[in-house]
Amino acid sequence: MDKLQSLRGMVDLLPEQMPLWQRIEATMRAQFERAALREIRTPLLEVTELFARGIGEATDVVGKEMYTFLDRGERSCTLRPEGTASVVRAALQHSLLGQGPQRLWYTGPMFRYERPQAGRQRQFHQVGIELLGFADPRSDAEAIAIAWDLLSALGLGGLSLELNSLGDPSDRAAYRSTLVDWLQLRQEQLDADSRERISTNPLRILDSKNTGTQALLAEAPQLIDSLSDASRERFGAVRRCLDALEIPYRLNPRLVRGLDYYTHTAFEITSTQLGAQATVCGGGRYDGLIEQLGGASTAAVGWAIGLERLVLLLAQAQAAGTVALGAPAPDLYLVSRGEQAECQALVLARQWRQAGRSVELDLTGAAFAKQLKRADRSGAPWAVVIGEEEARQGVVLLKNLRRSADSPEEERLRPVELLRRLGDPSI
RNA sequence: GCGGGCGUCGCCAAGUGGUUAAGGCAGCGGCUUGUGGUGCCGCCAUCCGGGGGUUCGAAUCCCCUCGCUCGCCCCA
């Protein structure tokens, strides 16, 4: 098969699926506007170093999932695998933080070279927010609330919020060494992957899916016990905020994020209806990242939602009848036949569109029966028919397509009259 | 990178070694040179992802390959 086709993991979004995407996009814009977030758009391509430094060399994302290549100027470039590093880079490059803290949101395609599976593509889409320059525990809660409310506004149920605190870097370092000590004594009980990670990325062992490893880890020292008093108090404040907001959460001491920049609050929103890739939204605080990328030490918190996964959930909700999405249909379907009539139809279609109506103009020149059949299938409530007769008389025939054929409702009228009545939502 | 499942018309799908590859939907043409949804008639895969092999004979068996899909890993 040598037909041209898209690259693996790079999927087309066809017209049929767009109502779902557009619903999500419209909802998120409305929510963000109400939350006083401002949109930012950054390039898809960045210097590789941004991600290497921002996300962490040891992470899987940087280590084996990036689309990296040399451009014609021999610079190492990478298609962005996530949004946060780019947003921070842009904020620093344009000194946004000099104007005070920033409440930002973004959306767009991201790229990760992985084996595609349900809810995971190589080019995928994320929407995310970044609250830069906010250290207060309330900002953690607000970030989470914005995500939670967006998902609720979409009518999605069956979601749960998992919460953990990773503490500050010294908490994490302390925990890392206690955990490594503990694991080293039990190496032979670990699966091979996890054993490997003792030296590379021990915290990641915590969310291993290996059941044996999980059983063993039930006894392991917990991150939360290594937190300093200040970190612990901070986490308590975040939790009190969530309680006040009545956002239910589950503490998950095993929750660690795969990107190195996270500190303190880490969270995920998961669904049971997504198969293996259950995480819809993931995020947390990253107080060290901005400094890491060359800025002044600045606290920040943010999250990202995977839009493909959201679309999957919304499609399920739609199938279950929980969410209704109207199929888009034109207001008018314009049928015409004969040279003069066809030309008039072309002109009238434009006029009616300028009047704010959606009009589908049949351009086939086929028999009236064919055109009306298509008119019916288009879902339009009204057909406007212009034949030679109407063209001669300067009128159009308005037909109600939502009546039965036995009691046809037709009316001849002048185009100006129809134009006037187009302001009336009942036609 | 590693496993499992699958690959017949735009979509769904029958067919598992024997001469012309069912059917449904969609599409196109007609019945009805100007009237729809529901009727009727006709057209729509020399070909079964691609390549090689076995056989008198293969979509059906074998090998390779490509692709899709689910899972591992990882993440949104």
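The chains referred to below are lettered A, B, ... by the order of the sequence lines, with proteins before strands, and numbering in each begins at 1.
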[X] [atom1] - [N] [atom2] separation (whole Å):
{"X": "A:Glu268", "N": "B:C75", "atom1": "CD", "atom2": "C1'", "answer": "8 Å"}
{"X": "A:Leu401", "N": "B:G36", "atom1": "CG", "atom2": "C1'", "answer": "7 Å"}
{"X": "A:Arg309", "N": "B:A76", "atom1": "CZ", "atom2": "P", "answer": "8 Å"}
{"X": "A:Phe111", "N": "B:A76", "atom1": "CZ", "atom2": "C1'", "answer": "15 Å"}
{"X": "A:Leu398", "N": "B:U35", "atom1": "CG", "atom2": "C1'", "answer": "14 Å"}
{"X": "A:Glu162", "N": "B:A76", "atom1": "CD", "atom2": "C1'", "answer": "14 Å"}
{"X": "A:Asp376", "N": "B:G36", "atom1": "CG", "atom2": "P", "answer": "10 Å"}
{"X": "A:Arg374", "N": "B:U35", "atom1": "CZ", "atom2": "C1'", "answer": "13 Å"}

Tell me yes or no: between the side chains of [X] and [Y], is some donor less than 3.5 Å from an acceptor?
{"X": "A:Thr364", "Y": "A:Arg374", "value": "yes"}
{"X": "A:Thr42", "Y": "A:Arg80", "value": "yes"}
{"X": "A:Arg29", "Y": "A:Thr107", "value": "no"}
{"X": "A:Tyr286", "Y": "A:Gln292", "value": "no"}

Q: Classify the side chain of A:Glu114 and the base of B:G1 as holding, or not holding, a donor-acceptor pair under 3.5 Å.
A: no
Q.
Should the side chain of A:Lys399 and the base of B:U35 be counted as holding a donor-acceptor pair, with the cut-off at 3.5 Å?
A. yes
Q: Look at the side chain of A:Asp287 and the backbone N and O of A:Ala300, then say whether any donor-acceptor pair between them is shorter than 3.5 Å.
A: yes
On a whole-Å scale, what distance lies between the [atom1] atoms belonging to [N] and [M]?
{"N": "B:G51", "M": "B:C47", "atom1": "P", "answer": "11 Å"}
{"N": "B:U60", "M": "B:A21", "atom1": "P", "answer": "15 Å"}
{"N": "B:G3", "M": "B:U65", "atom1": "P", "answer": "13 Å"}

Classify the nucleic acid contact of [X] as base, sugar-phosphate or nothing, counting any heavy atom under 4.0 Å across all strands shown.
{"X": "A:Glu16", "answer": "nothing"}
{"X": "A:Gln371", "answer": "nothing"}
{"X": "A:Glu82", "answer": "nothing"}
{"X": "A:Ala304", "answer": "sugar-phosphate"}
{"X": "A:Gly387", "answer": "base"}
{"X": "A:Leu310", "answer": "nothing"}
{"X": "A:Ala367", "answer": "sugar-phosphate"}

Q) Between A:Tyr262 and A:Arg392, which is nearer to the 5' end of RNA chain B once each is assigned its nearest nucleotide? A) A:Arg392
Q. Closest nucleotide of RNA chain B for A:Val280 versus for A:Tyr113: which of these residues is on the 5' side?
A. A:Tyr113
Q. Should A:Glu49 and A:Arg53 count as an ion pair when the cut-off is N to O under 4.0 Å?
A. yes
**Q.** A:Asp376 and A:Arg402 ion-paired at < 4.0 Å
**A.** yes
Q.
So if I define the base as every atom that isn't primed, P, OP1 or OP2, how would nucleotides 67-72 of chain B read as a B/S/- string at a heavy-atom cutoff under 4.0 Å?
A. SBBSBB
**Q.** For B:G67, the Watson-Crick or wobble partner whose two distances fall under 3.5 Å
**A.** B:C6
Q.
Of the options B:C73, B:G36, B:G34, whose atoms approach the side-chain atoms of A:Leu372 most closely?
A. B:G36
Q. Within a strict 4.5 Å, meaning less than it, do heavy atoms of the A:Thr279 and A:Leu274 side chains meet?
A. no
